[in-house]
Every structure is written in C-alpha cells, then in structure tokens.
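Computed from a prediction, not measured in an experiment: that's the story for all the values here.
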Amino acid sequence: MTGDHLKALMGLQAATPVLIALYDPHDRLRYANEGFRSAYHVGEDEAPTWAEIMRRNHAAGRGTVLKTDDLEAWIAATVHRRGKVPFRTVETDLHDGRWLWMTETVDQKGWMLCIAVDITDVRAGERKLRQDRDFALRASQVDELTSVPNRRYTMERLNEFIRNCAENPHMWGCVAIIDIDYFKAINDRYGHHRGDEVLLDFARQMQEFVRRSDCFGRIGGEEFMLILPDTTVGEANLILDRLLDKIRNARPLSNIPEFFYTCSVGLAEYREGDSVGDIYSRADEALYIAKREGRDRVKRHTLPGSDREFSPDQTVSSARIRPLRELPM
C-alpha cells in the first residue's frame, strides 16, 4: 500500500459514519475512529477497557442501552463471552435512538476488530425477534447466580480446546479447577445468602485474570474451571498464584469486615492424546492434593519429569478421580 493509499484509507475511516474500534487481547481500546468515539463518548487520547466504557456510559445515560438491574452482573456475563469465537454479530441500541448491527472479528492472539453499522431503519419487529433470540442464547450459556459461563458451555469449550490441541500440534495449554475452601462451613455459619455473595465476589475477582482466549466458568456448587490455551504450566501457575493472593485480601461481606476466604487450585497441562476426561482427572487429582496439603494453594500435575512438585508416583485414591461418564454436561 502506497502512502497515498494509506492517507486515503485513514481519511475515509475517519469520515465514515460506520463505527470502527480495535481492542487488544485484554479488551482495552487501542484505536477508534470518530464515529465510535462520538457514540461512546471516548476522548481522542483515551484508551479505556470495554468494561470501563460500559460503566461510565451507563452512569451517564448514554452509549448502549443496558436493560439490567445489575450492571456488574451484566458486564461479567458479557466479558466472559466476548471474543470467544473468531467472528460473530450482535445488535444493540443506543441512547441517542440509533440501532447498530456490529461485527466482532478476533485473531489468534486475541485482538478484536469491531465494526458497527446503523440499521435503525430496519423494522422494529424484526429487531425484537433477533434480540429475543440473543437473550435466549445467553441464558442457555450463563450461570444464573454468578453470570459467568455455566457448566455446559464451559465443558463445550473444554472439548473445543482438546480438539484444537489434537488437530494442531503447535498448540498447548492448561486447565485449572478452582474450589472455594470450606464453602459448606461458610453456608452453615453465615447462611446461603452470604455464601452466594462469596460466589459472586469470586466470579468478579476473576475478571482481571481472564484473557480473551481463556474460558472461565462455574462447573459445580463452589467449583470453577479456567481453561488457558497457549499457556505453559509455569505461566498458568503464576497467574493462579496472583489470583489466590487477591482472593485472600478480598472482604466480600460488608457487614462482616473480618470475614475472608481462600481457594485451592488443581492445575494440569495438555498432553498429546488427551481426552476431556484425562485432563479433567489430572486437574481434579491435583486439586485433591492441594486440599490435602492445607488448602489455599496451587498444585500442578505436569508431564513426567517436568515438575518435581507433583510427579506421577504421587497418586491418590481412585475414589477421588471422577470418570468422564460421571461428569454432567
């Protein structure tokens, strides 16, 4: 592309009414044309995250119309679904009366290009039908309490992760099972409502640790899964150590300021030939070791000889390992 071509392109994208935005793998805005910045009230020199844009526009009654009574739950549910597929379309309405049709294109490194076109003239009945369809799809994928992906969606993503690794020898990654320590005791002592508050706090604390390429979901009562593609077991361990440190300092019960909680984590890396049940069982086994050794820690199950901390001869009771047929989808 010549200098003249590039100059023409930049001039046209600045003048077009189409909204154009580029987000980095951490969902921070790195480029936006005037159409986008005007619609979402972003200054020329600003680089907020998508969540920050939604929060401040919602507070000011501008930008996207958010039909929710719980903004943070809506953000949590949306963050964990953004950019999880290479391409998708969404529709949204703005406080200024416009209705937008937006495409999201994501590359392998997690960069996302968003392009939105004004479709206000499309018949309202058709828009409502598509909006109801999108709402039903979201409800089928999201855990009702925590607003993160539910077990079915998370296990589908785990299947996809295993399939991608099997089909692409250059791909690798890790899976972590995270369990809130002594959760039954929390419910027994403080009540199930307080237990729900702890689950909500944990899900929201996780937001800053989940990259666009990752998947984080609730797979049981107090049990969660984090899928980390293209991540070595050492890198995953560091991420999870930071998570546990943040959880230790969280104080989720405002009327009980002294209350705190911890988590235990079992971590396993992908091995060639793994099935979903294989990697799940190794992460589950590592979680059992973490709890047996005192909780509030990360234990990892890695390839033979690659990690002295957890070698194959450190086996545990087979009763603890749940076969794949017992894993509800």
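A donor-acceptor contact shorter than 3.5 Å links the side chain of D143 to the backbone of T146. The backbone N or O of L287 lies less than 3.5 Å from no partner atom in the side chain of R292, so there is not a single donor-acceptor pair. Put simply, the side chain of T68 gets close to the backbone of D70: a donor and an acceptor are under 3.5 Å apart. Listed for the R218 side chain is a donor-acceptor partner under 3.5 Å among the backbone atoms of G221. The backbone N or O of I20 sits less than 3.5 Å from a side-chain atom of N33, completing a donor-acceptor pair. Judged by distance alone, the side chain of N168 and the main-chain N or O of N164 form a donor-acceptor pair under 3.5 Å. One N or O on the side chain of E52 and one on the backbone of T49 form a donor-acceptor pair closer than 3.5 Å.
Contact check on R242 versus D245 returns no salt bridge, with no Lys/Arg side-chain nitrogen under 4.0 Å from an Asp/Glu carboxylate oxygen. We find that R282 and D274 are joined by a salt bridge, their nearest charged nitrogen and carboxylate oxygen being less than 4.0 Å apart. Classification of D107 and K109 as a salt-bridged pair fails, no side-chain N sitting under 4.0 Å from a carboxylate O. Under the 4.0 Å criterion applied to side-chain N and carboxylate O atoms, R248 and D296 are assigned as salt-bridge partners. We find that E34 and R37 are not joined by a salt bridge, their nearest charged nitrogen and carboxylate oxygen being 4.0 Å or further apart. In summary, E104 and K84 do not engage in a salt bridge, as defined by a charged side-chain N under 4.0 Å from a carboxylate O. By the 4.0 Å N-to-carboxylate-O rule, E293 lies close enough to K299 to be salt-bridged with it.
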Report task. Would you sort out whether Y31 and Y23 count as a ring pair (Phe, Tyr, Trp, His ring centres under 6.0 Å), showing the intermediate values? Result -> CA-CA 7 Å; Y31 172 79; Y23 292 90; over 10 Å; no
Query - Working for side-chain hydrogen bond (donor to acceptor under 3.5 Å, both in side chains), residues D284 and S281 - result: CA-CA 5 Å; D284 197 42; S281 292; over 6 Å; no
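Between F224 and F216, the ring planes are parallel. Angles under 30° get that label, and only those over 60° would be called perpendicular.
Donor-acceptor pairing under 3.5 Å is recorded for the side chains of T231 and R211. There is a side-chain donor-acceptor pair under 3.5 Å between S275 and D278. When only modelled atom types and interatomic distance are considered, T120 and D118 share a side-chain donor-acceptor pair under 3.5 Å. Between D201 and Y261, the side chains place a donor N or O and an acceptor N or O closer than 3.5 Å (distance only, hydrogens not considered).
Of all heavy-atom pairs spanning R157 and S213, the tightest one is NH2-O, 4.0 Å. Smallest separation of non-hydrogen atoms from P48 and I53: CG-CG1, 3.5 Å.
Within the structure, the side-chain hydrogen bond (donor to acceptor under 3.5 Å, both in side chains) test picks out the following pairs touching residues 170-184 (sequence neighbours left out): D179-K291, D181-T262, D181-S264, D181-K291, Y182-R295, K184-D188.
A search for salt bridge (charged side-chain N to carboxylate O under 4.0 Å, His left out) contacts involving R251 returns nothing, not counting sequence neighbours.
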